[in-house]
Amino acid sequence: MKTGSGSVARLLALGIVFHFVYIGTVFDCYFTSPVVHSMRQYKLPRAQAHRLVLIVGDGLRADFAFCSNASQIVPGTTERVAPYLRDIVENRGAYGVSHTHVPTPGHVAIIGVSLLAQTSAQLTHQSTAGGMYEDVSAVTKGWKTNPVDLDSVFSQSGHTFALGSPDVLPMFAQGATPGRVKEWSYHEDDEDFTKDATALDIWVLDQLDLLFRNATTNKLLDAQLRAPQVVFFLHLLGLDTTGHTYRPHSKEYMNNICVVDHVVREAERLISGFYGDQETSYIFTADHGMSRIGNHGDGDPDNTRTPLIAWGAGIRSPIRGPTFSQSLDDYPAPWELEHIVRRDVEQADVAAFMSTLLGTYWPVNSKGRREIAEAGVVNAKVLLEHYRVKHERKKAHAILYRPYEFLDHPLSFSEYPGSQRISFIEGLIGSGRFKEARRQSHELINATLGGLRYLETYDRTLIRTIIPFAYAGWIAYNALFILVPSHLPPSSSASFWIPLSFILMADLTRKVYANLSVFRGRKPDAKSIASTLLGLVLAVTTLQTMVFGYTHRAVWSIGFVAIGLDWPLISWPQSRGSLFQPLGSLLPPYSSLLFITLSILVTSDSVRSLQAKLGLPLVNQVAGWLIFAFAPLLPFFFPIPKTVEGRLLAYFLSFSPCFVILAIRTEGFFYLSYCMTLYLWTRVETALRQEKMKSGALASDKHMSMWNPMNLSRDDVRIALFFLFFVQAGFFGTGKSFYCEPVFWLVSIFSPFLMAALILFKLLAPFVFLSAAFATLNAHLGMPPFALFLVSLSLTDVMTVTFFFKVTDTGSLLEIGQSISHFCITSLLLVFSAGIAFIGEALMQGTVLGYPRRI
């Protein structure tokens with residue numbers, strides 16, 4: 001039979017290749033890299049400062065930095081948590097709110113190009129220093145350094161002296177002239193969530209003091225410090241660590257703001273004392289804010305509102321007097337700063353501001369704005385150069401290319417797009433018409449940014465047209481593989497997409513997508529179409545409801561009530577007695593119960609110790625790791641029952657200690673409810689199938705055997721849908737699964753890969769029970785091997801196509817990340833479901849089923 005293991009393996013291999021290739025479409029369609037090279041650079045003819053100091057308070061919210069009375073936010077704290085910064089705002093400099101670019105609540109918009117593959121801390125530092133937001137195409141690359149060369153204000157400076165986190169500083173040395181960016185960072189182990197994080201900020205201040213003292217005996221260092229266009233970058237990580245651990249509305253977070261304020265005051269004192277002049281510009285800002293629950297990147301407005309304070313050389317004093325409100329709500333009211341003009345900016349604008357102050361070349365790929373007088377012309381030239389390079393590359397590779405209609409495109413080789421408008425603006429400046437020049441610069445910059453967006457999304461419509469045909473071809477091929485007998489000849493039609501791909505596509509990637517979009521299927525039985533139409537509509541509706549559940553978790557709760565309560569009570573045959581089979585005769589493994597008890601005791605003691613700020617006891621950490629490592633291995637090294645119920649109970653109990661350690665609040669009850677619902681589902685489906693076989697009702701639901709070699713029924717489609725529900729509910733049913741707090745019971749020092757691995761283990765633990773239950777159900781129903789898996793395989797990509805069109809490259813980091821992950825999860829359900837089927841067969845091998853197999 002073609003449904004043998006060899007044929008199933010070939011189908012699975014083909015499906016894996018198809019889905020892995022087509023996962024790439026989401027990045028080609030939505031996340032093309034904005035980074036280009038070989039661009040001309042521009043700068044202002046003169047500098048306004050000899051040196052610049054950039055101080056970033058990682059994770060500082062704007063409302064907390066500017067508040068006039070912090071005790072109204074967190075009772076018991078001092079009234080002014082940042083008195084020195086407030087004095088600067090009121091008497092010495094300019095202030096505003098720097099709006100970070102979602103999805104980049106991190107560091108790089110201030111300085112460079114940001115990457116979704118990095119931490120949000122790295123992201124916004126790049127946007128700060130390079131004036132460009134995330135390179136979303138790098139979502140699968142790297143974590144500590146950039147997969148692309150990063151241009152920034154630092155790499156354009158005379159020398160940059162950076163002090164702070166080892167997770168942030170190294171990225172800026174890459175791509176810069178060797179020796180230009182010097183960095184000093186503490187050890188990674190110092191980023192301990194169980195210790196006082198203010199020590200990290202004090203370390204930065206101490207190192208700055210040491211740097212100046214070393215310069216008194218090191219002539220080379222002294223000469224570098226006194227050179228023009230020097231940048232100091234002080235990265236203060238304490239607030240971010242404290243906010244994640246204790247939340248922003250805590251005394252610890254407010255105390256950390258006081259420490260940051262002290263660092264700023266002392267840093268200015270040290271720098272002024274060393275140089276003894278007034279040629280230093282200071283900029284204080286934050287990479288991102290933080291929500292009430294200690295997150296950033298989840299779309300909360302407080303994640304993207306950060307303070308911006310500038311003072312020193314080249315920066316105006318406060319402008320007093322009545323001014324228009326820059327906010328449509330009461331957000332700034334508690335600051336009591338209405339008497340001082342506030343200037344809000346986008347985070348990428350800070351890089352343009354720094355380049356203007358220092359008189360350095362603007363970073364290439366910068367998208368920041370600085371539209372005042374000559375700076376506006378330079379701003380427009382930088383953006384137009386970016387557009388020119390992308391325009392020429394797209395024109396050289398695309399067929400029937402259409403340039404952006406709102407920019408002029410001269411035919412002369414000596415001119416570039418927008419060059420005529422640049423000449424016009426320069427003429428306005430030369431004649432003293434600065435207001436009109438600023439307006440023209442503003443319009444040209446907007447048009448150029450629109451052109452860049454146009455080129456970055458140029459191929460999107462074509463790819464979105466191909467994708468539905470591709471997945472429809474795969475769904476049809478898989479369905480025909482199940483339903484059509486192997487002796488029918490394959491159809492040779494439906495191959496027109498292959499030549500069409502070569503006509504429409506100008507690059508190899510698009511050809512691969514188009515060539516895979518149609519499979520050579522077998523001719524279906526037309527008589528079966530009408531009888532299955534209603535079932536198809538119901539199946540698609542169910543699948544789309546699951547899609548809705550990815551963003552509205554209440555759907556999974558409704559599903560659990562329906563499958564775990566309503567369905568068993570309604571469908572359970574009365575002739576079979578009680579639904580709940582007595583389990584009292586089953587003796588739980590004492591070793592598993594011991595591990596569960598120990599995990600509860602150890603975790604409780606660790607929580608109490610961390611809440612008391614005593615750190616994570618070493619004994620608890622070692623004990624937690626031993627429990628976590630050995631508890632899941634018990635069923636594989638110790639004898640377990642051969643009955644279905646006994647073996648399922650053993651698997652459930654062996655993974656329970658891991659869930660106790662890594663659970664937040666009620667997540668442990670999810671694991672219990674999930675496994676209980678699965679067990680009830682297998683019992684109900686088994687009883688229903690046996691009752692139908694006895695009554696002969698099953699035969700009436702069958703097509704002719706020659707068209708249904710697996711002997712499938714409409715009930716099997718429902719079972720496959722239930723299986724898909726459990727697969728996806730296992731991922732998303734725990735609510736707070738992706739939060740990091742529980743991993744602190746095992747590892748307190750910041751280690752992203754290890755922490756991610758622990759969270760992933762918690763997500764996958766319920767699937768061990770699912771695989772065993774699914775294998776049990778397949779055997780109880782007497783189905784051929786992997787038959788139910790193949791049915792579910794035909795249904796998953798209905799969801800995949802839906803999620804493809806729901807992917808977004810705008811919004812919060814959470815929204816973008818979720819849209820990508822949802823598409824990838826459904827795309828890889830084939831591989832994951834296959835793994836569940838294979839593992840389930842292995843886990844339940846040798847089990848005494850106690851039920852007759854279906855013939």
Side-chain angles (χ1 to χ4, degrees), residues 58-59 106 115-123 138-145 147 165-171 185-195 197 200 237-238 240-246 294-297 595 598-599 602-603 605-607 609-610 614-633 654-664 667-668 671 730-731 734 736-768 813-814 817 821 824-825:
D58 196 317
L115 308 170
L116 281 174
Q118 299 169 322
T119 61
S120 59
Q122 292 173 307
L123 294 180
V139 67
T140 60
K141 306 174 184 177
W143 126 252
K144 281 297 178 88
T145 56
S165 170
D167 299 324
V168 173
L169 302 188
M171 74 175 76
S185 58
Y186 36 79
H187 196 273
E188 293 179 348
D189 291 347
D190 293 330
E191 298 179 10
D192 192 331
F193 288 94
T194 66
K195 296 180 179 179
L200 304 178
L237 182 64
D240 185 73
T241 305
T242 302
H244 287 315
T245 306
Y246 298 103
N295 284 344
H296 48 86
F595 273 103
L598 289 175
S599 66
V602 171
T603 302
D605 188 63
S606 297
V607 172
S609 178
L610 292 176
L614 300 177
L616 179 62
L618 180 60
V619 174
N620 289 10
Q621 187 176 20
V622 172
W625 275 110
L626 290 175
I627 296 171
F628 189 85
F630 289 105
L633 301 179
S654 63
F655 282 88
S656 294
C658 302
F659 232 88
V660 169
I661 295 175
L662 295 178
I664 302 178
E667 283 186 341
Y671 179 64
F731 274 110
T734 55
K736 295 184 178 181
S737 295
F738 299 98
Y739 285 57
C740 294
E741 288 90 337
V743 304
F744 296 161
W745 323 147
L746 296 176
V747 53
S748 60
I749 297 173
F750 182 60
S751 178
F753 285 121
L754 179 58
M755 290 178 171
L758 291 172
I759 294 174
L760 183 62
F761 181 89
K762 181 178 71 171
L763 290 175
L764 297 180
F767 294 104
V768 175
L813 183 66
L814 178 66
S821 63
C824 293
I825 287 172

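For the numbers below, each heavy atom of this structure counts, side chains included, while hydrogens, waters and symmetry mates do not. Note that the structure is predicted; figures quoted are calculated from it, not measured.
Counting all heavy atoms, side chain and backbone alike, M755 lies closest to V743 at CG-CG2, 3.8 Å. Residue E188 comes nearest to D167 through the heavy atom pair OE2-OD1, 4.4 Å, listed as atom of the first residue, atom of the second, then distance. Taking both residues in full, the closest heavy atoms of I627 and S599 are given as CD1-N, 3.7 Å, listed atom of the first, atom of the second, then distance. Nearest approach of I661 to G624, heavy atoms of both residues: CD1-O, 3.8 Å. Nearest heavy-atom pair, T241 versus T245, reported as atom, atom and distance to 0.1 Å: O-OG1, 2.9 Å.
S165 and E191 share a side-chain donor-acceptor pair at under 3.5 Å.
Taking CG of L758 as the reference point, atom CG of L763 lies at 11.0 Å (rounded to 0.5 Å). Annotation: the span from N620 atom CG to W625 atom CH2 amounts to 14.5 Å, rounded to 0.5 Å. How far CG of L662 is from OG1 of T603: 8.5 Å, rounded to the nearest 0.5 Å. Here CG of L746 is found 9.0 Å from SG of C658. Values are rounded to the nearest 0.5 Å. Once rounded to the nearest 0.5 Å, the distance linking CZ of F595 with OG of S654 reads 10.5 Å. Here the CG atom belonging to L626 is positioned 10.5 Å from the CG atom belonging to L598, to the nearest 0.5 angstrom.
With ring centers used as reference points, F628 lies under 6.0 Å from F761.
Applying the salt bridge (Lys or Arg N to Asp or Glu O under 4.0 Å) criterion to D189, with sequence neighbours excluded, gives no partner residue.
Checking side-chain atoms of S606 against main-chain N and O of V602 turns up a donor-acceptor pair under 3.5 Å.
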